[in-house]
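Comments concern the structure below.
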Amino acid sequence: DAPVTHHTYDVLVIGAGGAGLRAAIEARLRGKRVAIICKSLFGKAHTVMAEGGIAASMGNANPNDNWEVHFRDTMRGGKFLNNWRMAELHAKEAPQRVWELETYGALFDRTAEGKISQRNFGGHQFPRLAHVGDRTGLELIRTLQQKIVSLQQEDFARTGDYESDLAVFHEYTITELLKAPGERSDGKDGVDRIAGAFGYRRPTGELVCFHSAAVVLATGGVGKSFKVTSNSWEYTGDGHALALRAGAKLLNMEFVQFHPTGMVWPPSVKGILVTESVRGDGGVLKNSEGERFMFNYIPEVFREQYATSEDEGDRWYTDADNNRRPPELLPRDEVARAINNEVKEGRGSPAGGVYLDVSSRMSAQEITKRLPSMYHQFKELADVDITAGPMEVGPTCHYVMGGVEVDPDTAASAVPGLFAAGEVAGGMHGSNRLGGNSLSDLLVFGCRAGAGAAAYLDTLTGVPSVSDEALQSAREDVERPIHNSGGENAYTVHQELQQTMNDLVGIIRKADEMELALKKLHELRDRIPRVAVDGRRAYNPGWHLALDLRNMLMVSECIAMAALERQESRGGHTRDDYPTMDENWRRELLVCSLRDGEVILEHQGQPAMRSDLFDLFELDELKKYYTGDELGGHRSDAP
Ligand code: FAD
């Protein structure tokens, strides 16, 4: 048997995107020894790909902005299904987290007066996204890493070892969380708690066990379950599946965001993101007839907030106080559905998308300054000059709103010792996330998760220790594809899974198609344990994919089951057979858990919003989302 290498830390952070790095910094600042683990190279998380910016109501571009407006926009974007406490904390704390990044060394683009510049984005009432050109995620990751290095230098001065209190294990994949009974000062002894995590090192295949009483999951999204996606190879829903297997719950899994603008041509790059900043900065969507079709798709609930003529929409860019915003800046779910419909009705571009035009709206110089990555992306990948002609774009699977159910204040899951933050956590964005609200989510809840994990450790009187049986079982699961002979091919199974999710549980859903998808997923569930790979342990991508498949399947089952159950259309969940939003469904959260290895789905009530937050909305707006019996007690009722 291959040996297992052991490491011991106070807190294990799985994931080195924005959420993981911010959690690690916070836990270290609170005196804990922390390990950060990531599947790919340090610095290459999804966060680095974020282009548009980070949403925070600093009010630099419009002094009328504040946390209350940001909170309202976030709840509207999520169609009021959001966990309102998370949305409140997020809106209140995002500005502080952005300022803090500058103290770590970030330098955001500036306004003429030297303030942090903020740009427009879909669903945000005011210009709110702090940005660094269209490379904001790169600056975010760069500065969080810089802060980590500076903490490591402090540790070196004290201990003589840079990694004594904050270590990075990159190119390691965690395959299982390990639990054991533990003791706690509050008398809740003997309960199964987090004791560590098991995994392997990708370049060598070495097996590894981390011993740690607190784990923060910050593993990002699930996009690789779908064929057309903006997500890169790492996003196989590992954190979602690890949490499920450890006994946590996933909520809102039916809500998957299809970003309206992914590249559609050439086929080899289909799905790669075209940032929303293109529209935020003035880009417009046109169909093959040259029509700015978004004016035909303003839904009733948003009618008062969006321009109804091109002139008014265009005036808004220079005078937002006296005009309404153009409908190209509706929330992403609305724009994605509109594009889908234009293509379906025969008004699409040759490659099956629509046109996104920025060349007729800005000078070439402005385009290359404001959107440098987009300019290079199209030039290099599609041989298209976006300063001279339009881009062809269409929807791409981008983000999962669903995730681990957590306590909003501490990021704790239902499993003692397990915390989750960032895209892997659920609730914050409700049925649809606004652009820019992820980067702020990562920092706000990453920080809270690091603090939550540190506080949890202080309540333990004894550290749970990993049992030999748990270790052996995790090891057998990892080695199974190597020991299997013959059988299934990991790549074939993956392709079938992606095609199934794309075609049958994609942007527009129907009961019979989702039933078919579940049947296909059950068939794949029987085949995945038979996947066999050649016996090499060093850099064996087939083996890695074989292990990821188990997670992708589990997450896909959750998405398909919840999507079949929710008989309405809301945010990132559109049913052809139930095309409207139903206020009775707003109170219903669908929650997945595992029972005897099988995914089960249950309904859970949404707690009523605190009255001071409820009163931030006009009653007329709430009536569009709430049932009559929920509206009592609004400030308008006061005598
Ligand atoms: P990620 O940054 O996704 O990092 C996850 C980490 O977990 C990685 O380090 C990965 O290696 C690690 N990991 C995963 N599984 C394992 C495992 N089993 N073992 C060990 N490590 C593991 N949002 C915005 O707010 N504004 C934007 O402008 C924006 N633009 C975007 C552009 C693109 C192209 C994409 C794809 C997304 C964009 N988003 C944007 C969304 C946002 O970037 C992501 O939602 C966010 O970065 C997720 O951050 P995270 O910290 O949760 O995880």
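Proximity of L140 to V132: side-chain heavy atoms (C-beta onward) are nowhere separated by under 4.5 Å. Two residues are said to be in side-chain contact when any heavy atoms from C-beta on lie closer than 4.5 Å; R475 and L207 meet this criterion. Using a 4.5 Å cut-off on side-chain heavy atoms (C-beta onward), L273 and M49 make no contact. Side-chain contact between Y104 and I25: present, with at least one pair of heavy atoms (C-beta onward) separated by less than 4.5 Å. Residues L242 and V215 fail the side-chain proximity criterion, which asks for heavy atoms closer than 4.5 Å. Inter-residue side-chain proximity for L545 and M552 is flagged as met; some heavy-atom pair is nearer than 4.5 Å. Residues R128 and D73 form a side-chain contact, since some pair of their non-hydrogen atoms from C-beta on lies under 4.5 Å apart. In this structure, the side chains of S230 and Y399 stay at 4.5 Å or more apart for every pair of heavy atoms.
Proximity of a side-chain donor or acceptor of N252 to a complementary backbone N or O of G402 within less than 3.5 Å is not detected. Under the 3.5 Å distance criterion, the side-chain polar atoms of S431 are left unmatched by any main-chain donor or acceptor of L81. One N or O on the side chain of R202 and one on the backbone of K39 form a donor-acceptor pair closer than 3.5 Å. Here the side chain of T219 pairs a donor or acceptor atom with the backbone of G239 at under 3.5 angstrom. With hydrogens and angles disregarded, a donor-acceptor distance shorter than 3.5 Å links the side chain of H573 to the backbone of R566. The backbone N or O of L589 sits nowhere less than 3.5 Å from a side-chain atom of Q606 that would complete a donor-acceptor pair. N231 places a side-chain N or O within donor-acceptor distance of the main-chain N or O of G223, the cut-off being under 3.5 Å. Of the possible polar contacts, none joining the T229 side chain to the S225 backbone as a donor-acceptor pair under 3.5 Å is found. For the pair E423 (side chain) and V400 (backbone), a donor-acceptor distance under 3.5 Å is present. With R575 contributing its side chain and L564 its backbone, the two residues share a donor-acceptor pair below 3.5 Å.
Residues I141 and G18 share a closest heavy-atom pair of CD1-N, 4.0 Å. Across all their heavy atoms, A560 and M514 have their closest contact at O-SD, 4.4 Å. The two residues G403 and M253 make their nearest non-hydrogen contact at N-SD, 3.7 Å. The two residues G52 and S277 have their closest heavy-atom pair at CA-OG, 3.2 Å. Here the closest non-hydrogen pair linking A55 and A94 is O-CB, 3.6 Å. Between S465 and A180, the shortest heavy-atom distance links the atoms O-CB, 3.2 Å.
Heavy atoms of other residues, nucleotides or ligands lying less than 6.0 angstrom from NZ of K227 number 12 at most. For K32, the NZ atom is densely surrounded, since the number of other residues' heavy atoms within 6.0 Å is greater than 12.
In this structure, OG on S212 lies 10.5 Å from CG on L178, to the nearest 0.5 angstrom. Atoms CE and CG, from M609 and N83 in turn, are 10.0 Å apart once rounded to the nearest 0.5 Å. Note that the NE2 atom of H170 and the CD1 atom of I37 stand 12.5 Å from one another [nearest 0.5 Å]. Separating the NZ atom in K249 from the CD atom in E602 is a distance of 6.0 Å, to the nearest 0.5 Å. Atom CD1 of I174 is separated from atom CD1 of I14 by 5.0 Å, given to the nearest 0.5 angstrom. Note that OG1 of T500 is 10.5 Å distant from CZ of F226, once rounded to the nearest 0.5 Å.
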Could you check H70 against N437 for side chain to side chain donor-acceptor pair (under 3.5 Å), going step by step and ending with a plain yes or no?
CA-CA 10 Å; H70 193 182; N437 267 2; 2.8 Å; yes
Decide salt bridge (charged side-chain N to carboxylate O under 4.0 Å, His left out) for E557 and R525; before the verdict, give the C-alpha distance in whole Å, the side-chain angles of both, and the deciding distance to 0.1 Å.
CA-CA 10 Å; E557 281 189 270; R525 195 205 290 167; 2.6 Å; yes
Go through the steps to decide whether T136 and H131 satisfy the test side chain to side chain donor-acceptor pair (under 3.5 Å), and finish with yes or no.
CA-CA 5 Å; T136 313; H131 55 91; 5.6 Å; no
Run R570 and E588 through salt bridge (charged side-chain N to carboxylate O under 4.0 Å, His left out) and show every step you take.
CA-CA 12 Å; R570 181 184 295 271; E588 300 287 324; over 6 Å; no
Apply side-chain contact (heavy atoms from CB on, under 4.5 Å) to the pair S232 and H46, showing each step before the final yes or no.
CA-CA 8 Å; S232 70; H46 255 163; 3.9 Å; yes
Test log, rule salt bridge (charged side-chain N to carboxylate O under 4.0 Å, His left out), inputs R142 and E139:
CA-CA 5 Å; R142 187 188 70 71; E139 184 73 347; 3.1 Å; yes
Take Q145 and F42 through the side-chain contact (heavy atoms from CB on, under 4.5 Å) test and state the conclusion after the steps.
CA-CA 9 Å; Q145 288 189 341; F42 195 48; 3.4 Å; yes
Working for side-chain contact (heavy atoms from CB on, under 4.5 Å), residues R550 and R245:
CA-CA 11 Å; R550 188 165 72 130; R245 288 200 291 271; 3.2 Å; yes
In sequence, state the C-alpha distance, the side-chain angles, and the governing distance for C397 and V256, and then conclude on side-chain contact (heavy atoms from CB on, under 4.5 Å).
CA-CA 7 Å; C397 173; V256 176; 3.8 Å; yes
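Side chain to side chain, Q257 and N432 meet the donor-acceptor criterion of an N or O pair below 3.5 Å. For the residue pair N551 and T236, no side-chain donor N or O sits within less than 3.5 Å of a side-chain acceptor on the partner. In the model, T5 has a side-chain atom that pairs as donor or acceptor with a side-chain atom of E206 under 3.5 Å.
By the 30° and 60° cut-offs, the orientation of the rings of H90 relative to H429 is perpendicular. Using a 30° and 60° split on the angle between ring planes, Y172 and F169 fall in the perpendicular class, above 60°. Using cut-offs of 30° and 60° for the angle between ring planes, the H603 and W585 rings count as tilted.
Exactly one residue among L553, L504, V599, I559 makes a side-chain contact (heavy atoms from CB on, under 4.5 Å) with L521. That residue is L553.
Salt bridge E88/R85: present, at least one basic N to carboxylate O contact under 4.0 Å. A salt bridge does not link R480 to E476: none of the charged nitrogens lies less than 4.0 Å from a carboxylate oxygen. Salt bridge annotation for K79-E334: present, with a cationic side-chain nitrogen under 4.0 angstrom from a carboxylate oxygen. Between R22 and E26 there is a salt bridge, since a side-chain N of the basic residue sits under 4.0 Å from a carboxylate O of the acidic one. Taking a cutoff of 4.0 Å between a charged side-chain nitrogen and a carboxylate oxygen, D441 and R97 do not qualify as a salt bridge. Taking 4.0 Å as the cut-off between side-chain N and carboxylate O, R448 and E93 count as a salt-bridged pair. In this structure, K44 pairs ionically with E234, as a charged nitrogen and a carboxylate oxygen lie closer than 4.0 Å.
Stacking of R586 on the aromatic ring of F80 is not recorded, the 6.0 Å distance cut-off and the 45° axial limit not both being met.
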